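Each chain gets a letter, A, B and so on, in the order its sequence line appears, and its residues count up from 1. Small disclaimer: the values here were computed from a predicted structure and weren't measured. All values below were derived from every heavy atom in this structure, side-chain atoms included, with hydrogens, water molecules and symmetry-related copies excluded.
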There are 2 protein chains.
Amino acid sequence: MKMSDRKKKILQIVVDEYINSAVPVSSKVIAEKHLQGVSSATVRNELASLEELGYLTQFHTSGGRVPSPQAYRFYIEELMQRGNLSESDLDYIEKAFSDRSGDVEHLIKSVSKVISDLTDYTSVAIGPHDDEEKIRNLTLLSCGEGRALLVIVTGSRILRDSFIDIPESMTDADVENASRMLAKLFDGKALSEARTVGEEALAEFGQYRQVMRGVIDALKTYTRPRDEDVVLTGADKIFNHPEYEDIENVKNFLSVISSKDKIAELIGDDNDEIQISVKIGSGDGDEVPEDCSLVTATYAAGGKNLGTYGVIGPIRMDYTKVITVLENVGKALEELVGSRGKDKDEKDRQQDE
Amino acid sequence: MKMSDRKKKILQIVVDEYINSAVPVSSKVIAEKHLQGVSSATVRNELASLEELGYLTQFHTSGGRVPSPQAYRFYIEELMQRGNLSESDLDYIEKAFSDRSGDVEHLIKSVSKVISDLTDYTSVAIGPHDDEEKIRNLTLLSCGEGRALLVIVTGSRILRDSFIDIPESMTDADVENASRMLAKLFDGKALSEARTVGEEALAEFGQYRQVMRGVIDALKTYTRPRDEDVVLTGADKIFNHPEYEDIENVKNFLSVISSKDKIAELIGDDNDEIQISVKIGSGDGDEVPEDCSLVTATYAAGGKNLGTYGVIGPIRMDYTKVITVLENVGKALEELVGSRGKDKDEKDRQQDE
DNA sequence: GTTAGCACTCTCAACCTTCAAGTGCTAACG
DNA sequence: CGTTAGCACTTGAAGGTTGAGAGTGCTAAC
């Protein structure tokens, strides 16, 4: 069976209406509020057909229809209408980003907060983690007991530190020496090339071979986001949405957000594909849990990854609002960071709209 | 009215029973299960009297009695019986701590996880933050745009970093120069004395005055724990306890744990007073929210603060279990860290038991 | 001081009724 | 053939009633 235009129109009405009201949608309100000129009986026929196609479900015979996950996906792909932010929302974004004094950590937090406040959903964010990031400084500090602390600072000011094992025989002076050598070797290198640089230099390091191995291992872990890089804002906002009157849904939600590992996994894995990604849980072994939806955007400016930001919430989510907010925050962010001019990527994206 | 021994005994029974069953306690079960030789009518008289004293409340006439916050406090002070951990629990602790390879961050996380797993409550932890910590390394890195990154590494391997403003006129070489001066000045100093050292050296710094100011400001913030220092484990464990079938309690709980600031404040403020602290919310403007209880222990070994760890959960908490776990974790932790010998503090504590 | 006995209160679950909402189906219409 | 009016049917939500069970407070007797 093909989807007629009227079916699409009706499906769009159902999704819109349900997103707004959180109440199953009946044929009557569709016909009366949105589709004058057609009777509710006709709408009922169409609804029955849409149900057969898998787009709608009903809890019980007299309960109106509710969109299925499949319907949401279709809605986002084809039916959804883009909106614009209100003046006050735009002002809010601008004001929030006007304070340029903070570091990245601070920026990530405020972006996350802005998104959560404007959308009224829980916001998840993961800071920039870019393999092409240049190493700005690398220092090795002796800790005694055959261990040393490796501190790496990159161009976008992300600080990474980890402990590596070193030969017990190394004195503090040896460590300092090694530190100098390492700093010289890696300074200005991108994280992506650093590993190969390290491998190549292994031979030179002679007795410090073990140290270099440790550094290389540490570098490997740096391209993956860590727990600490995941920022979560407005977890209590979920209670503003009626689906979370049900304790089961709250459990589900809390089990997701209490594991930052899991969040990082969910957000991270399509990091460099597209701009905005929507993931809807359908329950059958999906990574995103049932009754849960995750909308994220990955931002970039001047070819530099600026991190991934988004919201997590019920499937019945105001996608128009969320996506609009994400787009506007993205624009503001790109302006803020790459204020000097726009690169090709961004131009392409703007034409798409 | 004075508390007779029998009243105390009965109060203890009520609290124990309620903690175990989560069901209001009736005079009948007290008399039959715990106080043979006395009739339920007698118990009823005592219960009525205990209610008058403010230790018990009842939701409705025929609903049995429930301990008041005041009763819990009294219970913990005087009535509670110390327990011992099971073999398997002790094994679990030992196994969890046997891996010594990780850094502090890692240690904090595993301690927190152990506590959460053994108690079945949500665990909160805050890493060591000790004013007497010695500065091991201090480096200033230029970031351009009149800003620099200050990295401070302390003895117990806590890494602190923050951005400070510097005069736009400073070149990279100037920054390096300043970094060397600062490192020399602060190396080996405790955080507590560092501030005064900085103040005294202000004059010497001449044109770098602003830099030194920034460093001093940064040092000030280091004694307070930051958001990132608060670790939360097992948030979803609350659903194992019947009070959180009620959505209102979940809201309450989530609003606390979603703000790490607030947690830090709650945990941090009696940091150096006593070993184990129990805070019970009573609702009247208390810092700890109503229906919420916070049990924390501050650990130390060799005079060094090892952080504060504990659990947050419903008032009806298994205090015996929680406190026993906290004590045993503390012992294990002290052994692990200060394996070379026990200092006076710890000996004192062990005698108290 | 302790106890048995009893009236009283309150909740909880089960059950019924009513009500409104919304559907599916059928037969008629253009 | 698509559309529509009409109507029977289903279902859940809300409200009321009832009986059982639990637990108490009180009183009078020991």
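- Rounded to whole Å, atom P of D:dT24 lies 10 Å from atom NE2 of B:His60.
- Whole-Å rounding puts the B:Glu52 CD to D:dG25 P distance at 11 Å.
- Between B:Lys113 and B:Asp117 there is a salt bridge, with a side-chain nitrogen of the basic residue lying less than 4.0 Å from a carboxylate oxygen of the acidic one.
- Comparing C:dT23, D:dG23, D:dT3 against the side chain of B:Ser26 picks out D:dG23 as the nearest.
- Base pairing of D:dG15 is made with C:dC16, judged by Watson-Crick or G-U wobble geometry with both donor-acceptor distances under 3.5 Å.
- Between B:Glu32 atom CD and C:dT3 atom P there is a gap of 13 Å when expressed in whole angstrom units.
- The nearest whole Å value for the distance from the CD1 atom in A:Ile10 to the P atom in D:dG2 is 14 Å.
- Checked for salt-bridge contact, B:Asp89 and B:Lys321 meet the test: a charged N lies under 4.0 Å from a carboxylate O.
- Distances from the side chain of B:Thr61 to the nucleotides C:dG24, C:dT9, D:dT11 place C:dT9 closest.
- Closest to the A:Ser62 side chain, of the nucleotides C:dG24, D:dT24, D:dT10, is D:dT10.
- Distance from the side chain of B:Ser39 is smallest to C:dT3 among C:dT23, C:dG5, C:dT3.
- D:dG6 is paired with C:dC25 under the criterion used here, namely a Watson-Crick or G-U wobble arrangement in which both key atom distances are under 3.5 Å.
- Taking the side chain of A:Ala41 as heavy atoms from C-beta on, and the options D:dA5, C:dT23, D:dT10, the nearest nucleotide is D:dA5.
- Looking at A:Glu265 and A:Lys262, no side-chain N of the basic residue comes within less than 4.0 Å of a carboxylate O on the acidic one, giving no salt bridge.
- Between the C1' atom of C:dT23 and the NZ atom of A:Lys28 lies a distance of 13 Å, rounded to the nearest Å.
- Rounded to an integer number of Å, the gap from CZ of B:Phe59 to P of C:dT11 is 12 Å.
- Nearest nucleotide to the side chain of A:Arg44, out of D:dG6, C:dT2, D:dT24: D:dG6.
- Classification of the A:Tyr72-A:Tyr319 ring pair by plane angle, with boundaries at 30° and 60°, yields tilted.
- Nucleotide D:dC1 holds its P atom 15 Å from the CG atom of A:Asn45, rounded to whole Å.
- Across the protein-nucleic acid pair, A:Ile30 atom CD1 and C:dA21 atom C1' stand 14 Å apart, rounded to whole Å.
- Aromatic ring orientation, A:Phe74 versus A:Tyr55: tilted (interplanar angle from 30° to 60°).
- Residue B:Ser27 places no side-chain N or O under 4.0 Å from the OP1 or OP2 atom of D:dG23.
- When heavy atoms are screened at a 4.0 angstrom cut-off, A:Ser40 is found touching no nucleic acid atom at all.
- In terms of phosphate contacts, A:Arg65 brings no side-chain nitrogen or oxygen within less than 4.0 Å of OP1 or OP2 of C:dA21.
- The side chain of B:Gln58 places no N or O atom within less than 4.0 Å of a non-bridging phosphate oxygen (OP1 or OP2) of D:dA22.
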